[in-house]
A.B. asks: 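Structure incoming, see below.
Each chain gets a letter, A, B and so on, in the order the sequences are listed, and its residues count up from 1.
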Protein chains: 2
Amino acid sequence: MKLPKYKQIASDIQGLVDTQKLGAGDLLPTEKELMSQYDVSRVTIRKALAELESQEVIVRISGKGTYINGSKARRNALELKGFLEDIHAQGKQPSSRVLDFKLTMADASLAQKLSIEINMPVYAITRLRLINDEPEILEHTFMPAMLFPELSIDIMNTSKYEYIEKDKGLKIALSRETVVAEVADQQLADTLNVEVGYPLIKVMSIGELEDGTCFEYSENYFTSKQFSFEIMARR
Amino acid sequence: MKLPKYKQIASDIQGLVDTQKLGAGDLLPTEKELMSQYDVSRVTIRKALAELESQEVIVRISGKGTYINGSKARRNALELKGFLEDIHAQGKQPSSRVLDFKLTMADASLAQKLSIEINMPVYAITRLRLINDEPEILEHTFMPAMLFPELSIDIMNTSKYEYIEKDKGLKIALSRETVVAEVADQQLADTLNVEVGYPLIKVMSIGELEDGTCFEYSENYFTSKQFSFEIMARR
DNA sequence: AAGTGGTCTAGACCACCCC
DNA sequence: GGGTGGTCTAGACCACTTG
């Protein structure tokens, strides 16, 4: 754990917000004060603050000071989170059921999405995710077998993201998602326990590690019942 | 036009990419070379490059160099663009038809979204946007009358964003969007020329200026025929 | 070993806000 | 005028990649 100073400072301040030691609208110490407080240069403080500002944790106003962002803006908007973290944070009961788990070969379309060669082995996993025993999300996930030689159903029954980051020590960087609307056909309706014709959000996403490697492609169906997508589009 | 140096340098390099003088995978000059080329300090160069990196224009690899991003990644993913710009960029024929235009008063729900007082005057505009005379997007837009006292149907028939930025000199900062799926009811189906039950993407968005003022709230319906949403979710 | 980007320092001047 | 954040400089050391 050798984080650079500016990241340590950023997560330190983030911690103060998370633990309610700093609340909406509160004025942060000035950059000069933070300099002596952390005993670093101003550039380092500013880099830490820049990071927090980009995540909308704080607002910097020239000539006045730096404030904790009070707007109800969900900062989670664009964060990529695992299902478990996500739902826990909302205080709901999560669970997950693996419907299918097999090793197969990538066809042309999948190979292109994962940036691998055709016919390379991939795990194909179908999972149903439930909240309070209500089916909510149907996931079709494809992961290159080369990256995860010991992948098992057990792992997919817990948190996929925890496995990748904690057990494998890989760093997830981002996911690229395409969102479209789709109506439930008979099979989707049965699985997700809705009526045929019910509106679903379909998200196709490619997950990338920090070195640019694609670690998964997945097609997920969400009922609009408990989910929506929050996007912040910067001009 | 008094842009800081780092932004000038960033847009200068962006320009080289736009005009194809630099192409996918090309190696940029080293930071040291850029320093003497632009006669600025390394920090300034790095700030310019950091900006381009965040927009995925370039990729910086420690120990190797800085490259033009070659991946097919649409950098437009999260950009907020007006309909006209957007469609022109795709080489299609755009048009727009104002179905309704009236001055009304904000109810509680709308007032909250626009961060104004209840009963403040707002323009309520319904527009149908067409591509090659095909209806594609239905827009319900609400704009505070205080911000745009001279708003007219003519303006809404051209580009709303151009009006705000060019004519009014206001700077649009971002929009916060919530995406859900919805099926077309009779009215939506008639307007958008699809069948009842057709899947639509509904986007509710709040537009903010650089000073944090909300300048519009809108609810837009997209047919999934020609549109999808591209999202890049950073971990 | 040489070169790259990643981090960091200790200064400086400016534009802006508020008293 | 005094304080804030915004920009910029000229150094420095490090980790990493490559010959």
A.B. asks: Pair A:Y123, A:F101 - check ring pair (Phe, Tyr, Trp, His ring centres under 6.0 Å), show working.
C.D. replies: CA-CA 7 Å; A:Y123 286 105; A:F101 183 101; 5.5 Å; yes
A.B. asks: With nearest nucleotides of DNA chain C determined for A:K64 and B:I61 from heavy-atom distances, which residue corresponds to the more 5′ nucleotide?
C.D. replies: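 Looking at the nearest nucleotide for each, B:I61 comes out on the 5' side.
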A.B. asks: Between atom NZ in A:K47 and atom C1' in D:dG5, what is the gap in whole Å?
C.D. replies: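 From A:K47 NZ to D:dG5 C1': 18 Å.
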A.B. asks: Base, sugar-phosphate, or nothing: which does A:L49 touch, judged by heavy atoms less than 4.0 Å apart?
C.D. replies: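 Answer is nothing: A:L49 stays at 4.0 Å or more from every strand.
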A.B. asks: So B:K32, base contact, sugar-phosphate only, or nothing? Heavy-atom distance under 4.0 Å.
C.D. replies: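 Answer is nothing: B:K32 stays at 4.0 Å or more from every strand.
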A.B. asks: Keeping the roles fixed (side chain from B:R60, backbone from B:E53), state whether a donor-acceptor pair exists under 3.5 Å.
C.D. replies: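 The answer is no, because no donor-acceptor pair under 3.5 Å joins these two groups.
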A.B. asks: If you walk 5' to 3' along DNA chain C, what is the first nucleotide with an atom under 4.0 Å of a heavy atom in chain B, and what is the last?
C.D. replies: C:dG3 to C:dT7
A.B. asks: With a 4.0 Å limit, can you tell me whether A:T66 has a side-chain N or O closer than that to the phosphate oxygens OP1/OP2 of D:dG5?
C.D. replies: yes
A.B. asks: For A:Y217, does the six-membered ring have the charged nitrogen or CZ of A:K113 within the cation-pi criterion, i.e. under 6.0 angstrom from the centroid and within 45° of the normal?
C.D. replies: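 Yes.
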A.B. asks: Can you tell which of B:L28, B:I61, B:L22, B:D26 makes a side-chain contact (heavy atoms from CB on, under 4.5 Å) with B:Y67?
C.D. replies: B:I61
A.B. asks: Are the side chains of B:I164 and B:K171 in contact, using a 4.5 Å heavy-atom criterion?
C.D. replies: no
A.B. asks: Looking at B:Y6, does the NZ or CZ of B:K47 lie under 6.0 angstrom from its six-membered ring centre and within 45 degrees of the ring axis?
C.D. replies: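 Yes.
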